[in-house]
Every structure is written in structure tokens, then in C-alpha cells.
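Predicted model, so just to flag it, every value in this text is computed and none were measured.
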Amino acid sequence: MRIMKSWGFYAGKQLLRMLLLMGAVSMVTFFLMKASPVDPLQANVGQAALGTMSQEQVEKLRAYWGTDLPPVQQYVSWAKDFVQGEMGTSLLYRRPVESVIGEKLENSLFLLFFAWVFSGILGITLGVLAGMYRGSILDKGIKGYCILIAATPAFWLALLLLLFFGVWLKVLPIGFSVPIGMEAADVTFFDRMRHAILPILTLSFTGVSNITLHTREKMIDIMESDYMLFARARGETTWEMFWNHGFRNVLLPALTLQFASISEIFGGSVLVEQVFSYPGMGQAAVAAGLGSDLPLLMAVTMISALFVFGGNLTADLLYHIVDPRIRRSKAAL
Amino acid sequence: MRETVLEIAHLQISFTQYSRGMRRVELPVIRDLDVEVKEGEMVAVVGSSGSGKSLLAHGVLGILPYNASMKGNILYRGEPLSAERVQRLRGREIVLVPQSLSYLDPLRKVGWQIRRGRKEERVRKKLRELFRRYHLEEAVEEQYPFELSGGMSRRILVSTAMMEEPRLVIADEPTPGLDLKLAKRVMEHFRELADQGAGVLVITHDLELALETADKVVIFYAGTTVEEALCSDFTAEESLRHPYTKALWRALPQHGFQALEGNQPYVKDLPPGCPFFPRCPLRSEACREEVPYRRVRGGRVRCCAFFESPNKEI
């Protein structure tokens with residue numbers, strides 16, 4: 001009973017947090033867009049078309065789009081619709097935002113999921129190895145790689161890979177998510193995978209350094225801990241020490257970090273999708289921003305915020321479920 | 001004749017440190033340590049807190065940190081205890097009872113850790129027997145280290161040693177943070193281990209407690225063993241040998257609670273020769289030389305004053 005109650009309390013608290021976050025993010029995005037010098041009319045109707053319209057027609061259009069209303073009123077009417085599940089119509093695509101987002105999100109999730117899993121597995125493995133064999137050549141190599149990668153902008157690495165595999169070796173496509181000129185029905189999973197390889201590689205390579213360095217630090221702490229010393233004193237080999245104690249102790253913080261890093265991969269995907277002309281959420285965000293497509297941008301931002309929040313929440317939940325020190329103490333929730 | 005399980009002679013453990021200007025400094029935390037433990041004997045190494053006694057345990061077990069180096073002779077059952085040999089024996093014949101719960105994996109259940117993951121019925125049965133013996137409920141097996149109380153945790157830590165068939169048990173500071181009653185009970189567990197035939201080496205700062213349960217006491221001062229005495233020697237000040245031991249005796253509550261002036265010197269600024277020189281009431285120029293550790297009246301002492309006038313009242 002008590003546990004039920006505390007879980008209810010926890011869920012309520014998290015829900016409130018989520019609502020506050022969404023509210024704050026939507027407001028900041030909205031008013032930043034309002035402060036942007038890009039005029040939605042000019043961007044979406046076109047300079048030439050706008051020039052041929054009479055002042056009256058322009059005013060009418062403005063009223064139709066609602067851009068003549070005071071910003072606060074605009075925000076409130078957007079929020080009202082959004083809460084009811086109505087995201088509006090994209091000015092760029094002339095389609096309901098839901099359908100645009102649905103399509104882009106699917107592409108992006110494909111990319112992000114693989115990049116996230118690869119960078120996680122690679123990062124944790126490298127971090128554990130570096131931490132266990134601290135000071136060795138292996139450790140120095142891994143650390144050097146991480147520092148180098150951390151200092152490398154994702155888009156630059158994307159360009160390098162593009163140049164190498166796409167332009168010189170010509171083994172991988174240079175962009176888009178499906179082959180150019182192919183009927184949507186004919187596109188196979190293999191085609192999509194081939195187009196996603198380079199963006200996934202870029203995101204994995206750049207995502208790895210953070211998780212590796214953190215896992216390495218944690219692993220070093222564990223290797224120096226009293227319980228590892230005692231394990232050695234009880235005759236365990238290095239492998240047994242790792243398997244019996246090191247792995248479980250490092251996995252929790254590493255996974256937590258990995259879930260919290262969803263935001264970074266999400267952020268990185270904006271630039272990487274741009275470089276590879278990959279039609280995902282990141283590209284949609286850039287297009288919506290530059291095109292002053294407020295409904296689309298708001299929806300992209302909201303969904304991204306939800307993802308990041310979801311990642312952090314999962315990390316938090318993992319601790320509650322996996323760590324016995326938190327799981328078994330009632331006060332923790 | 002009881003077999004000598006452990007014999008340590010001239011043990012030296014130093015740390016390599018880098019001081020200002022990246023100069024390498026050797027810090028000898030243990031300078032000259034001699035201990036002998038026989039079968040069925042409980043020996044307490046007594047020294048003040050922070051004097052590096054724990055390193056003795058780690059040194060014997062071959063688990064010193066990478067920046068520490070060790071010199072001297074360690075014999076286990078008459079033969080040198082090489083790195084390979086101790087690797088084979090530790091956790092089986094030579095067991096460590098650690099100081100605190102931080103030596104248990106926080107994410108593993110207690111029972112699993114005592115069994116070291118072994119699942120055979122024989123091991124499980126032994127665990128149940130141990131729990132009965134140490135008055136631990138069976139449910140404790142399924143608990144995590146953070147759920148244990150102070151007194152319970154000591155019994156758990158002792159159980160980890162008892163799961164094996166140890167010939168040598170090394171207990172590192174088993175009693176701090178316990179009230180007197182509990183501390184005594186813990187020491188009695190070690191006494192039992194000795195009575196069953198194992199050699200027990202207890203490293204502690206609590207002389208009084210050691211005297212109640214051990215057979216022999218080795219006094220450790222500023223990195224050096226200054227005296228080895230039978231516990232019965234402590235009945236009278238005259239039967240003790242080293243002036244520092246006598247000072248400790250006088251500091252016991254029942255003998256007047258008199259504390260000795262001054263502090264133990266820090267390893268970095270130790271005088272050459274006898275480390276007790278600056279505080280010793282009997283010091284002479286001879287003390288500035290290396291002082292040998294010699295057998296006297298069933299014990300051992302490292303003091304030149306004692307040999308210049310062995311019959312003099314000191």
C-alpha cells in the first residue's frame with residue numbers, strides 16, 4: 001500500500017515536472033521566434049508574390065494566419081490547440097503538422113536509435129577497458145581518441161566521412177534517406193540502412209567520447225574501491241572481479257548517462273541531418289526555423305523536449321528499479 | 001611443537017610519492033616489522049591509528065597499491081610467500097577479514113558474497129551453519145550490505161573468512177566504531193578461530209581489547225615493531241621490556257591513565273636509529289644507531305637501554 005502510494009506520488013511529481021518543462025520550452029521557443037527578423041509572410045509566400053499583392057490582400061492574409069494578433073494572444077491560442085492535440089498546419093509543407101512530424105520522426109528515430117545503441121555499446125566497452133587498464137597503452141589510446149573526438153564538430157566529421165565514403169570511394173550514398181528517383185514502394189530496408197550508415201557513424205563516433213570518458217572515470221573509482229581490493233584478497237582474478245562486481249557497479253551509472261545523453265544525440269542530429277540532407281526532425285527544425293514556420297517548429301521543439309525528458313526520466317527510473325539502495329528504502333521516492 | 005604459520009622479518013613497505021618539483025620521494029610507512037604467528041595462536045599487532053598497520057595486511061596478501069613497494073622476508077608455513085604463491089593461497093588458506101562494510105560489493109546480496117557465488121549444497125549448508133553460529137537470521141542472506149547494522153556487519157565479515165578453511169586469518173582493525181560489548185564479542189570470534197587451529201593476526205589500535213583475547217601482543221611504533229610480549233607480561237610493568245610499552249601500560253585506565261608526552265613522529269621526519277628516541281626517558285647516544293630486535297624472556301624487544309643494563313629497573 002505504502003509503495004503504491006509513493007509510486008503515485010512519484011508519478012505525479014514527474015508529470016508536474018514534465019508540464020512545467022513543456023510550458024517553459026514552448027514559451028521560450030515561441031517568443032524567440034517572435035523576436036526573429038524572418039517574416040513568416042515573406043518567407044512562405046515569397047518576396048515576389050507578396051510584391052504583387054495589394055496592401056489589403058496582405059492584411060487579409062496576415063489576419064488569416066493570425067500574425068497580426070499580439071504575441072501573447074497568439075501563444076495562448078497555439079497552446080490551447082496544442083493541448084487538445086491540434087498542432088496546426090505547417091506553412092512550409094502546407095500539410096497538417098502531425099503528418100509532417102510523423103514522417104520526419106520515423107526517419108530520425110531510425111537514425112537516432114542505431115546511433116544511440118552503437119555509441120552506448122562502444123562507449124561503455126571502451127570506458128570499461130580504459131578504466132580497468134588505467135595507464136596502459138590501450139587506455140592512452142582510448143583517452144586520446146575521446147579527447148580528439150570531443151574537440152571535433154559533428155558536422156565536420158560528417159563532411160569528412162561524406163567525402164571519404166561518398167565521394168572518393170563511392171561505396172555509400174552522399175545523402176537522403178532513400179535512393180533518388182525510386183518509388184517509395186520499392187524502397188527496401190537495405191536501401192534505408194545504406195543511406196543511414198554515414199549519419200549513424202557520425203553520431204556514434206561523436207557520441208562515444210562523453211560516455212567513454214565518464215565510464216572510464218567510474219571504472220577507475222570502482223577499481224580503487226575497497227570491495228575490489230577485498231575481491232582480490234579473496235583470490236578473484238581480474239576477470240572474475242570485473243564480472244562479479246565491476247560490471248554491475250559500472251553499468252548503472254553508465255546506463256544512466258546513456259539515457260541522459262539522448263539529448264546530445266538529438267542535438268547532434270540537427271547538424272548531421274543537414275549535412276547528409278537526411279529528411280529527419282533535425283532538418284525539419286532547421287527548415288522551420290529559417291522559414292519562420294512557427295507551427296512546425298513548435299511541434300518539433302515539443303517532441304524533442306519530450307524525448308529528452310523521457311530519457312532523463314528513464315535514467316532516474318532505472319536507478320529506482322535497479323539500485324537496491326534506492327529500491328529498498330521507502331524514503332527515496 | 002606447533003607449526004609457525006606466518007613469519008615476517010624486516011618487513012619494509014614504502015610509498016613512492018612525487019613532491020614539489022616532481023622529485024621522487026620514498027615514504028617508508030613500515031620500516032622494520034617482525035611478527036610470528038603459530039598455529040592456534042592469536043597475535044595482535046597494536047599501534048596507534050593512522051600508523052600504516054593496515055598495509056601489513058595488504059602486504060602479506062600481495063594486494064598493495066601500485067605505488068607501494070615491499071622488502072623483507074615473509075615465510076608462510078616455512079616457505080617464502082612469493083607473489084605467485086600468495087595469489088594461489090589468498091581467499092583459501094590465507095584470508096582477510098576487512099575493516100568495514102565498504103569491502104563488500106554494494107550491489108550484491110550478502111549471502112552471495114559470502115558464498116562467493118558458489119551454489120553447491122555443501123557451500124549453502126556451511127553458510128547456514130555459520131549464520132546459526134553467529135546468530136544471524138537466514139533472511140540476512142538476501143539483504144544488501146547497506147541494510148546491515150554495525151554489529152551484524154562484523155559477523156558477516158568474519159563469516160566470509162570462515163567459509164573457507166583458513167590456516168591464517170588476518171583481521172584488519174575489526175573493532176572500531178563498536179561499543180565495548182560488541183567489540184569484545186568480535187574479538188572472541190577471532191579467539192575461536194585460533195582455538196580451532198588457525199593462526200590469527202589481528203591488527204588493532206586497542207591494546208586493552210587485545211590483551212583480553214590474544215596470546216601475544218606486538219607493539220608497533222612509527223613503522224617499527226618495538227616489542228613482542230605475551231599478554232601475561234602485561235600483569236606487571238616490570239615484566240614488560242620497551243619503554244614505549246611501559247608508557248602504554250601506564251596509560252591504561254587501571255594503571256593510572258597517564259599519557260606520554262609528545263606524539264609519534266611522522267615517517268618523513270623520523271630520526272635515524274630508534275624511532276622512540278625523542279620521547280624516551282632512557283635515551284643515550286647508542287640509540288642513534290640501528291637497534292637490533294632481540295629475544296628476551298619469551299618475547300622480543302628493540303631497545304639498546306634494555307641490553308646495556310638488563311637488570312636495571314627501566
Side-chain angles (χ1 to χ4, degrees), chain A residues 3 124 128 130-140 215 218-256 318-333, chain B residues 54-55 57-68 83-110 112-118 142-148 156-157 159-161 163-164 166 168-173:
Chain A
I3 290 170
I124 292 175
V128 164
M132 274 179 73
Y133 299 102
R134 174 155 74 129
S136 67
I137 296 190
L138 182 73
D139 175 36
K140 285 181 182 137
T215 309
K218 194 67 211 168
M219 199 64 211
I220 287 173
D221 286 349
I222 290 171
M223 290 307 280
E224 285 175 352
S225 71
D226 289 343
Y227 58 85
M228 285 301 240
L229 188 72
F230 187 47
R232 194 175 281 288
R234 295 179 85 190
E236 290 185 25
T237 60
T238 306
W239 171 249
E240 283 172 322
M241 283 165 67
F242 168 70
W243 189 244
N244 288 340
H245 313 290
F247 188 55
R248 337 182 117 219
N249 277 282
V250 85
L251 201 58
L252 196 58
L255 273 182
T256 310
L318 262 184
Y319 258 104
H320 283 106
I321 295 164
V322 179
D323 193 330
R325 286 163 292 191
I326 301 181
R327 184 177 21 146
R328 288 205 179 177
S329 59
K330 294 175 199 85
L333 284 177
Chain B
S54 295
L55 284 175
H58 297 174
V60 174
L61 284 155
I63 51 169
L64 286 172
Y66 66 98
N67 60 338
E84 298 77 45
R85 192 158 171 239
V86 75
Q87 212 171 339
R88 234 176 19 247
L89 295 174
R90 66 184 172 212
R92 287 161 189 86
E93 281 187 28
I94 306 179
V95 297
L96 172 73
V97 177
Q99 279 186 43
S100 66
L101 271 187
S102 67
Y103 285 80
L104 291 184
D105 184 342
L107 300 183
R108 280 277 194 193
K109 286 178 183 166
V110 168
W112 190 96
Q113 297 200 55
I114 300 176
R115 288 185 279 111
R116 279 205 313 212
R118 290 167 295 185
E142 296 299 313
Q143 287 184 344
Y144 288 94
F146 77 96
E147 295 172 297
L148 304 176
I156 296 281
L157 294 173
S159 312
T160 63
M163 274 309 280
E164 320 301 325
L168 174 64
V169 179
I170 303 174
D172 183 15
E173 288 279 12

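Contact annotation: the side chain of A:His245 never approaches that of B:Leu107 to less than 4.5 Å [non-hydrogen atoms, C-beta and beyond]. Residues B:Gln99 and A:Asp226 form no side-chain contact, since every pair of their non-hydrogen atoms from C-beta on lies 4.5 Å or further apart.
Considering every non-hydrogen atom in both A:Trp243 and B:Arg108, the closest pair reads O-NH2, 4.3 Å. Closest approach of A:Arg234 to B:Glu164, counting heavy atoms only: NH2-OE2, 4.4 Å. Across all non-hydrogen atoms, the minimal contact from A:Leu229 to B:Tyr103 is CD2-CE2, 4.1 Å.
One finds the CZ atom of B:Phe146 at 7.5 Å from the CG atom of A:Asp323 (value rounded to the nearest 0.5 Å).
The contact between B:Pro106 and chain A is made by backbone and side chain atoms together, counting heavy-atom distances below 4.5 Å. If you measure heavy-atom distances from A:Glu236 to chain B, the contacts under 4.5 Å come from the side chain alone.
Within 6.0 Å of OH in A:Tyr133 there are 12 or fewer heavy atoms belonging to other residues, nucleotides or ligands. Enclosure of atom CD1 in A:Ile137 is not indicated, since only 12 or fewer non-hydrogen atoms of other residues, nucleotides or ligands lie within 6.0 angstrom.
With chain B as partner, the option from A:Ile222, A:Thr237, A:Asn249 having the largest number of non-hydrogen pairs under 4.5 angstrom is A:Asn249. The candidate with the highest count of non-hydrogen atom pairs below 4.5 Å against chain A, out of B:Thr160, B:Leu101, B:Leu61, B:Ile170, is B:Thr160.
Listed for the A:Arg248 side chain is no donor-acceptor partner under 3.5 Å among the backbone atoms of B:Asp105.
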